[in-house]
Amino acid sequence: MSAPADFGGAGDEWWRSAVVYQIYPRSFADSDGDGIGDLNGITAHLDHLAGLGIDVIWLSPVYPSPQDDNGYDISDYRDIEPTFGTLADFDRLLTGVHERGMKLVMDLVVNHTSDEHPWFVESRSSEDNPKRDWYWWRPPRDGGVAGRSGGEPTNWESFFSGPAWEYDDQTGEYYLHLFTRKQPDLNWENPQVRRAVYDVMTWWLDRGVDGFRMDVINLISKDLRAGALPDGIARDGRVLGDGAPHYTDGPRVHEFMAEMHREGFAPRGSTYLRVAETPGVTTDHAVLYTDPERGEVDMVFQFEHVNIDHGVTKWDVAPLDLVALKASMDRWQRALATTGWNSLYWDNHDQPRVVSRFGDDGRFRVESAKLLATVLHLHRGTPYVYQGEELAMANVGYTSIDQLRDVESLNFFAHAVAEGADPEQVMAGIRAMGRDNARTPMQWDASQHAGFTTGSPWIEANPDHVEVNAAAQVDDPASVYHHYRRLIALRHDNPVVVHGDFVMLAPEHPALYAFTRTLEDVTLLVVANFSRAELALDHADLPDLADAPLVLGNYDSEVEPGTALRPWEARVLRHRLPVESPPSPR
Ligand code: TEU
């Protein structure tokens with residue numbers, strides 16, 4: 001096992017050399033046979049993560065929740081969802097994590113609550129309730145009929161299809177929900193709301209957690225500069241419009257984040273990990289969020305590279321354009337090169353599996369999974385591994401909507417089919433992009449339900465678990481799991497991987513992904529072949545590789561340096577810069 005990241009004292013940015021592992025608790029490990037993952041299941045598998053060399057675990061939400069959006073709809077911020085366990089189970093998990101030298105980061109979902117949260121229950125009860133203003137209540141728009149299509153205060157479409165406003169006949173007003181109707185948006189304009197959020201954060205930090213991943217935190221400031229919330233632009237004569245420009249990186253967001261830092265973290269004597277999930281963020285805003293001088297957060301999850309294969313919507317899937325992917329990754333590497341910091345990820349619980357998406361989950365599943373890991377982990381930033389990514393878990397190949405559980409896919413299917421779309425066509429989009437691809441049970445072994453549960457799982461395991469599973473990989477040094485272990489060790493042992501400057505090479509090449517990382521006199525060169533065809537290393541951008549030793553590759557058998565890359569081959573090479581010859585002695 002490699003040395004863990006340097007967890008120095010206060011003020012030390014330990015997270016720069018760390019690797020984070022994301023757990024989606026519902027799908028990780030079920031200890032009590034109810035078919036749903038739980039905290040004790042996670043505790044029982046901590047050695048899987050310690051064995052990989054992981055530094056930090058990020059737990060997707062485990063709070064009490066009606067589970068309309070699998071826990072991203074929270075009804076109590078200070079307890080544990082009974083299906084997942086108890087606070088005592090949580091404390092045991094936290095102890096187990098800390099005993100292994102790892103850290104634990106919670107998901108903080110405070111753009112919205114559940115509609116079953118007592119705050120919202122109060123808020124909805126009457127127009128003069130003291131918590132009325134904690135959410136976004138608005139009367140029907142002028143000329144609109146309350147509760148009828150077109151009556152909504154703005155034309156914004158929710159992320160999960162349909163209008164972002166729900167009519168509530170209790171008071172005859174609408175409330176805003178950017179996500180499902182069971183996820184009303186909190187009104188961050190109200191200082192009491194902000195205070196309540198900082199109190200929740202303090203409560204968990206006091207309990208010993210090591211930071212937060214902040215869900216859609218760049219959507220908390222809605223644009224009120226025009227007085228009322230403005231309509232968004234609607235494409236192709238549709239009724240609903242895109243509200244994103246009016247709530248993404250809004251006018252007060254940096255003020256709120258600075259206040260959160262001041263109130264939540266600054267008074268404490270340690271360094272936490274604070275990662276902001278920021279859909280639609282620009283590089284300019286990302287620099288502001290992550291500038292250490294400003295102290296807002298440490299890094300952001302940006303979305304540009306995982307939107308590369310989207311058409312007009314995420315469901316119109318385009319083939320991977322490697323040149324575009326490289327251009328995007330390069331842009332972000334450059335933008336945060338001197339100020340700020342990147343998060344590096346391919347997979348999470350909202351994305352399809354990367355080996356199916358950008359790799360080859362057929363004949364070259366193992367090679368392409370290792371290649372994708374190599375390329376990502378050698379960039380500058382903090383890498384995130386999503387559960388099962390270290391095993392090369394793949395998309396399911398969904399053919400029927402009955403196999404799906406995710407509210408986003410179910411809503412999209414219902415809306416699209418109601419609007420006259422061909423169900424087969426709709427399924428094609430869901431098959432490629434549906435979030436349930438990432439949410440099938442973690443594949444522990446080849447047994448029934450992949451060793452995830454002894455009961456009946458809430459969502460079926462991917463049938464490929466008979467081959468793709470942890471038991472088959474942890475003892476096999478040639479496995480994808482061990483490749484991840486080596487990549488993590490490489491980062492821990494080599495400051496160039498953490499801090500080195502990034503330079504993209506051959507940006508226009510359609511199959512070669514090549515770049516260097518340089519720190520002082522050490523240069524690493526990464527060359528990766530995103531194709532099934534052999535690829536000669538003769539591009540003019542590449543240095544002479546004849547005597548560049550291999551640091552890490554994804555094929556078992558070594559080859560002579562400089563020879564063509566095999567299908568989906570990736571090599572990390574130590575590039576010796578030409579040594580300047582000393583002046584010759586007289
Ligand atoms: O996701 C926010 C988000 O913008 C997307 O990832 C979104 O789920 C996807 O692009 C829709 O196409 C976060 C959480 O990660 C996600 O699981 C939640 O559903 C969402 O916020 C609401 O809390």
Side-chain angles (χ1 to χ4, degrees), residues 20 22-27 58-63 65-75 77 105-117 120 156-162 164 176-186 197 212-220 242-245 247-250 275-281 300-317 343 345-354 357 384 386-387 404-413 415-416 426 429-430 432-439 459:
V20 185
Q22 182 193 352
I23 290 182
Y24 197 64
R26 211 180 159 76
S27 307
W58 149 30
L59 269 192
S60 275
V62 291
Y63 317 93
S65 158
Q67 303 287 324
D68 188 50
D69 186 18
N70 288 359
Y72 283 89
D73 48 318
I74 297 170
S75 53
Y77 287 106
V105 160
M106 300 293 275
D107 218 307
L108 184 76
V109 188
V110 288
N111 171 69
H112 44 269
T113 66
S114 163
D115 66 338
E116 297 182 34
H117 194 293
F120 187 75
W156 300 356
E157 182 168 17
S158 104
F159 276 80
F160 295 149
S161 309
L176 176 68
H177 61 88
L178 295 183
F179 295 90
T180 76
R181 60 166 65 102
K182 288 185 67 60
Q183 294 170 298
D185 281 52
L186 279 166
V197 168
F212 298 100
R213 173 269 188 189
M214 303 168 183
D215 192 66
V216 294
I217 203 72
N218 69 326
L219 310 188
I220 58 178
D242 179 12
Y247 55 71
T248 304
D249 302 323
V275 49
E277 191 214 22
T278 50
V281 70
V300 297
F301 287 128
Q302 58 89 12
F303 281 62
E304 197 178 275
H305 67 300
V306 289
N307 293 343
I308 280 288
D309 55 352
H310 293 181
V312 177
T313 73
K314 75 181 257 183
W315 311 107
D316 310 318
V317 189
S343 305
Y345 74 96
W346 297 133
D347 276 354
N348 62 38
H349 64 292
D350 295 331
Q351 300 294 331
R353 293 286 184 176
V354 72
R357 185 183 195 178
Y384 287 71
Y386 177 66
Q387 66 185 43
L404 278 295
R405 299 289 175 271
D406 177 21
V407 64
E408 182 189 39
S409 294
L410 300 180
N411 282 2
F412 167 63
F413 187 85
H415 274 86
V426 177
I430 292 176
M433 284 298 164
R435 304 192 298 181
D436 281 331
N437 283 304
R439 300 175 179 189
I459 188 170

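Indexing begins at 1, ligand by ligand and atom by atom, following the structure's order.
- A donor atom on one side chain and an acceptor atom on the other are not found under 3.5 Å apart for Asp185 and Tyr247.
- Between atom 8 (O) of ligand 1 and the options Arg435, Arg439, Arg213, His349, the minimum heavy-atom separation is to Arg435.
- Of all the heavy atoms in Arg26 and Gln67, the pair that sits closest is NH1-OE1, 3.1 Å.
- With hydrogens and angles ignored, the 3.5 Å screen pairs a side-chain donor or acceptor of Asp436 with a backbone N or O of Asp406.
- With hydrogens and angles ignored, the 3.5 Å screen pairs no side-chain donor or acceptor of Asn437 with any backbone N or O of Arg435.
- For atom 20 (C) of ligand 1, the closest non-hydrogen atom of the protein is Phe179 CE2, 3.8 Å.
- In this structure, atom 11 (C) of ligand 1 lies nearest to the protein heavy atom Glu408 OE2, 2.8 Å.
- Close contacts between ligand 1 and His112 involve ligand atoms 22 (C), 23 (O) [criterion: under 4.0 Å to a heavy atom].
- In terms of protein heavy-atom proximity, atom 13 (C) of ligand 1 is nearest to Asp215 OD1, 2.9 Å.
- Between His305 and Tyr345, a ring centre-to-centre spacing shorter than 6.0 Å is recorded.
- Nearest-residue assignment for atom 16 (C) of ligand 1 (options Asp350, Val407, Asp107; heavy-atom criterion): Asp350.
- Of all atoms in ligand 1, listed by their number and element, those nearer than 4.0 Å to a heavy atom of Pro279 are 4 (O).
- Those atoms of ligand 1 that come under 4.0 Å of a heavy atom in Phe160, given as number and element, are 19 (O).
- For Gln351, the heavy-atom gap to ligand 1 stays at 4.0 angstrom or more.
- The two residues Val426 and Ala416 make their nearest non-hydrogen contact at CG2-CB, 3.8 Å.
- Of the protein's heavy atoms, Glu277 OE2, 3.2 Å lies nearest to atom 1 (O) of ligand 1.
- For atom 6 (O) of ligand 1, the nearest protein heavy atom lies under 4.0 Å away.
- Residues His117 and Tyr77 place their aromatic rings such that the two centres sit under 6.0 Å apart.
- Checked against the 6.0 Å centroid criterion, the rings of Phe303 and His310 do not qualify as a close aromatic pair.
- Here the protein heavy atom with the shortest distance to atom 19 (O) of ligand 1 is Asp69 OD2, 2.5 Å.
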